[in-house]
Structures are given as C-alpha cells and as structure tokens.
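A quick note: this is a predicted structure, and the numbers were derived from the prediction, not measured. Throughout, a chain's letter reflects where its sequence line sits, starting with A, and its residues are numbered from 1.
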2 protein chains.
Amino acid sequence: MAANFEQRREPGRRATLKEVAAEVGVSPATVSNAYNRPDQLSSGLRERVLEVARRLGYPGPDPTARSLRRGRSGVIGVLYADRLSYAFEDPAAVLFLRGISEAAEEAGLQLLLVTGSLRDESDVEAVGKAAVDGFVVYSMPEDDPSVHAVIERRVPTVLVDQPEGMGTPLVGIDDRGAARAAAEHLVSLGHRRIGVVSFELAREPVGGLVGADRQSAATFLASGQRLRGYAEALDPAGIPWERVPVYECAENVLEEGKAAAGVLLAPDDRPTAILATSDLLAFGVTEAAEEMGLAVPGDLSVVGFDDVPEAARANPPLTTVHQPHMEKGLKAGRLLVSGLRGEDPPRTEILPTRLVVRGSTAPPKTDA
Amino acid sequence: MAANFEQRREPGRRATLKEVAAEVGVSPATVSNAYNRPDQLSSGLRERVLEVARRLGYPGPDPTARSLRRGRSGVIGVLYADRLSYAFEDPAAVLFLRGISEAAEEAGLQLLLVTGSLRDESDVEAVGKAAVDGFVVYSMPEDDPSVHAVIERRVPTVLVDQPEGMGTPLVGIDDRGAARAAAEHLVSLGHRRIGVVSFELAREPVGGLVGADRQSAATFLASGQRLRGYAEALDPAGIPWERVPVYECAENVLEEGKAAAGVLLAPDDRPTAILATSDLLAFGVTEAAEEMGLAVPGDLSVVGFDDVPEAARANPPLTTVHQPHMEKGLKAGRLLVSGLRGEDPPRTEILPTRLVVRGSTAPPKTDA
DNA sequence: CTGAAAGCGCTTACAG
DNA sequence: CTGAAAGCGCTTACAG
C-alpha cells in the first residue's frame, strides 16, 4: 500500500499551506483565511487560492497543527475499562455510546474511543495520548490509574457510574436501591436460597467465589453497590448475606455467567434463584441452567440488571432492572459539551431505574 | 463546570514541558526524554523530572504537539455516512466496528468516529478536521464528497463495501451474487409476485417507489448491486424486473421498512414475498405485515440481508443472506494497519456470503 | 483587504 | 548522559 500512497503523493510529501501561499504569491495568513474566514479576503483571491491548493494537492489545513494552534481538537474522548471492542459487545455499552454520540453530533464534535488499564498497566498511556478536549469516563474502577490520568489532564470531564468526589459532574443511577429492589422481588416470591453472579469487583478480577473481604474492597462502583443492595434486602429477610455465595466473573460476558452458574448450581442445596449484576451474565446463567436440565423459572429464577433490548426478547423474557443507558450517554455527553463551553453544569444526575418483572422469575418449586 | 476546572488548574493554564525543564534546571530535551526515552538519562534525574512534573501538575507531553512533531497521531478514523450514532444503531455496523476496534487494539491505535455528508454538505469538513493516520471508509455512496476528501488527504485508506478503482485496498462481498441467491430462493419456492425494499440508493434518498432511472443511478454500491442481483434472478424466471415494485427507504431503520411495507402491501395484487436489502428493513416489513393481519410466512414471505444476530432470534426466524460483518471490520482494520506500516497489502478481499433459510419464507399460499 | 511576526508544545538529530 | 537549535504546520492579533 505504501507504494501506492507514495505514488499518489507529490514527490515525498503533501503540500503545506506555506507552499500554497508561495505559489499564489500571498502570505500564509491569507491562505489560512481562505479556509477559515472567507469574509476576510476578496472572493476572487479566495478562488485563486483554492484553485492552486487543488492543483498542488493541498487537502486543507492540517488538523493536528490547527488543533495545536487553536488549543482544541473538536474531539471528545470516551474512556472505559476493558478492550476497545467492548463498546461494541455489551449491548448496554452500545446504547450508552449511542447516547454520547448523539450529544457529540449535536455539538459538532467527534468521538474518540479510549481504553483504560483494567488488564494492562501500559494502557494508562492511552489517556495521555488522546488528543481530546474532554473526557467521559464510563464505569471505571475508582483506583484505575487511567481515571487518575484523566483528572491530571485538567480538561472538562464527566464521570459515569463512578463514585463522587472528584469535583467533577457525575451521571449515574442508584445502583444500591435498584439491586435491593431486585433482591426483594425474589424474597417476596418466597426464595430463601439465593446465589449471586457479579461482574468485576475491581481491577484484576478474581473469577470465582469471593468472600466479604473482596466484596467490601470492590472498586467498581456498580458491582460494589449492587452487592450491598442485595445484602440490604436479604439480611433483614433472614437470609444472612455471609451465607449467600457470590461469584465474581472475570469479564462481563455470557460465557462467564455460564461458568458462574456451573459453580453455583453444583451443590446439592443449590439456589432456587440467582441474582446477576448484568443481563449478559443472567443470559449465561439461564443458558447453563437449561444445559443442566433446570427449567427457568420452574427450577431456577433468574434476575438480571440493565434491561438491554435482548432481555425482553429472551426466552423466557428476563426479569431485570431497567436503566436508561442511552439517556445516560446523552446526559453525560451534554454535560461534557456544556463543560467545554465553559458553563457550569449540574454536579450530579441520578437517573431513574425500575424493576421489570418478566418470565424468568417465579416462586420456588419446593420451599425446602 | 468551567469554574471547577479552572480552580483545579494552576492559575490560568497547565504547566508545559518547558516549565518543568526550567524548574528542574535541565533542557526541554531532557524532560522529553524522561517521558519518551527513559534510557537516555540517569534514573536519578528521571525521578527528579517526574517528581517536579507531579508537583507542577504537568500531565505529560501534550498529545497534539507530539502528534504534530512526530507526524502521526496513533488514531485511525472510521468514516461512514449517516449520523454519528448510526455506528451504535445498526447491529451490522456494530459488528463491523467491533472488528475494526479489535484490529485497532492489536496495533495499539485509537479509534475516531467520523461521519460523512449524506445529509449535510457541511459535514465534509469532518474529514478535514479528523486528526488521524488513516481511514477506513465504510459503505459510503461513491459520489460522496467526504470520500473524495479522504482520498485528497493522501493517507493510507481502506474502502469497505465500495466500488473499486481508487487505487486503494478494498474489502467487500459479492453483493450481486448474494442478492441473486436470495431472489432465486423465492422463485424456487414458487413466488411470482415479489416486492423489493431497499435502503438508500444514493445521497438524498427518495423515500418511496423508484423506477429504473433512479435504480441505475444508485451510488451506494450495496443497494445498486443488490437490486441488480435480484433482477438477475427474477428476469430469467419470467418475472420482468420492470414490473417489480422497488421501494427506496430514506434510512436503514425498522420504521422505514414498515413504511415501505405499508405501500407495497396495499394493492389488491399484493406481493406474496418481499426482498429487503437489510435485516433491519425486513424486520419492519414483518412487523407491518403482522399489523395488517398477514402471517409470515403464511401470507407473506420475507427475506433479509446481513444476518444480524437478531435474525436468528426473530419470530419467525428470518431467512437472510449471511455476511461476516465482524470479519469485514477486522480485515479492513488490519489492512489499514498494514498500510500504516508501509507494507503493501492485498488489493481486494471479497468475503464469502451464504443464504440462510429460516422460518420467514415458505411457498405462496395461492399460486394466483 | 493583506502581510509580518510570534508562538501553540513538543521531538529529534546532532554535537559535546 | 545532556543541551542548543531547528522546525512540525498552522492561526491570530496586530498593523497597515
């Protein structure tokens, strides 16, 4: 390919604004004006400049140089943990990014995807390398060095699903309350033996059953808070949280949910219900259950979290906590835009959630 | 927000590399080396530099300045028509971008989303403003000024689902052949009255029934080729293409498919089958049919194109043309990366498709 | 309506 | 192991 691109270039390299200016016989300022301030020069001269630019193969002012000079890039960065492709894998993330991209478009900004350092220390660099005017930080562990790096950059930033306290606008939901409602639903159906499947609790996730220590050390706000919410519903119902098995998945993907179910559903006194901190994990649990010959909800009730579009279409339709992913993205994006404009947006926006009861939950078969 | 960010800044602005250098008492080159070439200075000095940087709130070398100086940004741009959020709306696009993002990650590059000028002339600027090292151009109309702008930039570029001939690597499928297979399937089932629902044929889509002129003027490669493929199957079967109603949707969304079905299914001699150029449109057709009291496939057979994940889960499961969206993205991304490295990647990669027959097609009820 | 000058913040040979 | 110098490509007051 190099060969081809070289071929199409003027010997060696592209024309610059200065060269166009020289060819036309005007100053660089005038060429710059031809592109950026058409009213600053006669339309005849402007035509001449543009014509020469065309002839020389000058594609217009270099965006990087322009950004450096102007002090802004017209790009907003979205930082999230995990692989870059996660933005296109988790349906909840897809919706969230759809919202952000709408806000970006409204403001005429471009969108840069940046990944954090969940798995690889070296990824911290990504934040430093991102030429953006501001960041939306999406559901990162609070101790992630990338988050710190963003704050260090001192650019407008909006945190999403993160703890408060960095003096930065925040968009989120009441994870704890929503989780409590999910657990209360199971309790009210009569379930007493309940298992929990969670996505990552912190960087370097464990992948297996985890005890109280690990749980209370959770740095992923969403998982930590959701576990607390579950506990707040189960403890008062006489289901001691210490005896509730909690499986931490290494990643928020269906396969991990299956693996978790494999462990949780193995013992003789298997749970009659499982609380999953995401729909993706819940789908995995359901799949595993069916492969084990357990009917959902007949033998096992499953509750998810997120209400991704697939939840309603699943078989059985998934009982889950609805949260407005797209609106979250839209709000976060607009807050960032407003920050970029130098306005002072609201500190914190907590969006509403609601439990959506569908076909994946029912009273337990035997009240053993 | 401004207020807050200002507060956290050193009075007025961030520290620069030069200021760190001055404070430490070394040259800017040494500070630069502390970040970029740790082996070029004693670890003691490096520590000192980093410590001062921390104290001064210097977040490391400015990415824009670094890009300008180095001549590369570490970012690849993905250009597509439509709104920015389209990347997170069409499941086929989501899969495609997942593939690209994997390739980007492999190479340690970041991903910038850039939209073309399908609906708004002013969007051409987006390409000029994008500080990227190369572009993947995804399914744009061949006459789109943005595509031209990309070529003008003279940076490594990979075209996807576009016509050949710009001297640039290309990734695509055999749209015509795949569409032919879809139409042949309906013919072999015995259908004689067939309608077609297509997404945009060109910029400024029509939104309504379109004749031969508009069809042959299609600048969206995929739609033009797919219509040709349909024609190639129907004509020889004694179903004259001129009499096949073709509805052009204004956008590739479910709602437009419904609107199209509303028109196509209205007449007395309504079609017994509909060919849609995307699954999204096919879903709309199915939905409209059901609302009209027509059973799929009993009263109406529907064939899609894309085989998005939802196609298999739909009710009834959708007969459609499978194409490897994610692989397309991965291939395109890797070709671009290889171009960025100065290698000479293969010119053209045509990926395989196959017709997947599911429950949305059946023989027509009456062979009227 | 046009130009000369300064400078955005950095990196890279090169010389020592 | 460290520094002086040049320059990446542009835009913006400012002066005329």
What is the distance, rounded to the nearest whole Å, between atom [atom1] of [X] and atom [atom2] of [N]?
{"X": "A:Arg14", "N": "D:dG9", "atom1": "CZ", "atom2": "P", "answer": "9 Å"}
{"X": "B:Asp62", "N": "C:dT11", "atom1": "CG", "atom2": "C1'", "answer": "13 Å"}
{"X": "B:Arg69", "N": "C:dA13", "atom1": "CZ", "atom2": "P", "answer": "8 Å"}
{"X": "A:Lys18", "N": "C:dA5", "atom1": "NZ", "atom2": "P", "answer": "13 Å"}
{"X": "A:Arg72", "N": "D:dC10", "atom1": "CZ", "atom2": "P", "answer": "17 Å"}
{"X": "A:Lys129", "N": "C:dC10", "atom1": "NZ", "atom2": "P", "answer": "16 Å"}
{"X": "B:Gln40", "N": "C:dG16", "atom1": "CD", "atom2": "C1'", "answer": "14 Å"}
{"X": "B:Leu17", "N": "C:dG7", "atom1": "CG", "atom2": "P", "answer": "18 Å"}

The answer to which of A:Thr64 and A:Ala29 contacts DNA chain D further toward the 5' end, by nearest nucleotide, is A:Thr64
Along DNA chain D (nearest heavy atom to each residue), the more 5'-positioned of A:Asn36 and B:Ser27:
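Residue closer to the 5' terminus by nearest nucleotide: B:Ser27.
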Select base, sugar-phosphate, or nothing to describe what [X] touches, counting heavy atoms under 4.0 Å on all strands.
{"X": "B:Tyr58", "result": "sugar-phosphate"}
{"X": "B:Arg46", "result": "nothing"}
{"X": "B:Arg37", "result": "sugar-phosphate"}
{"X": "A:Gly44", "result": "nothing"}

Salt bridge present between [X] and [Y] (N-O < 4.0 angstrom):
{"X": "B:Arg347", "Y": "B:Glu164", "value": "no"}
{"X": "A:Glu51", "Y": "A:Arg48", "value": "no"}
{"X": "A:Glu106", "Y": "A:Arg334", "value": "yes"}

Taking a pair to mean Watson-Crick or G-U wobble geometry with both distances below 3.5 Å, D:dA4 pairs with none
For the residue pair B:Val136 and B:Phe96, establish whether any side-chain heavy-atom pair is separated by less than 4.5 Å.
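A side-chain contact under 4.5 Å exists here.
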How do B:Leu68 and A:Pro28 order along DNA chain C: which one's closest nucleotide is nearer the 5' end?
A:Pro28
For [N], does either OP1 or OP2 sit under 4.0 Å from a side-chain N or O belonging to [X]?
{"X": "B:Ser32", "N": "C:dC10", "answer": "no"}
{"X": "A:Arg66", "N": "D:dT11", "answer": "yes"}
{"X": "B:Arg70", "N": "C:dT12", "answer": "yes"}

Determine whether A:Tyr80 and A:Leu113 satisfy the following criterion, side-chain contact (heavy atoms from CB on, under 4.5 Å), listing intermediate values before the conclusion.
CA-CA 8 Å; A:Tyr80 47 97; A:Leu113 304 182; 3.9 Å; yes
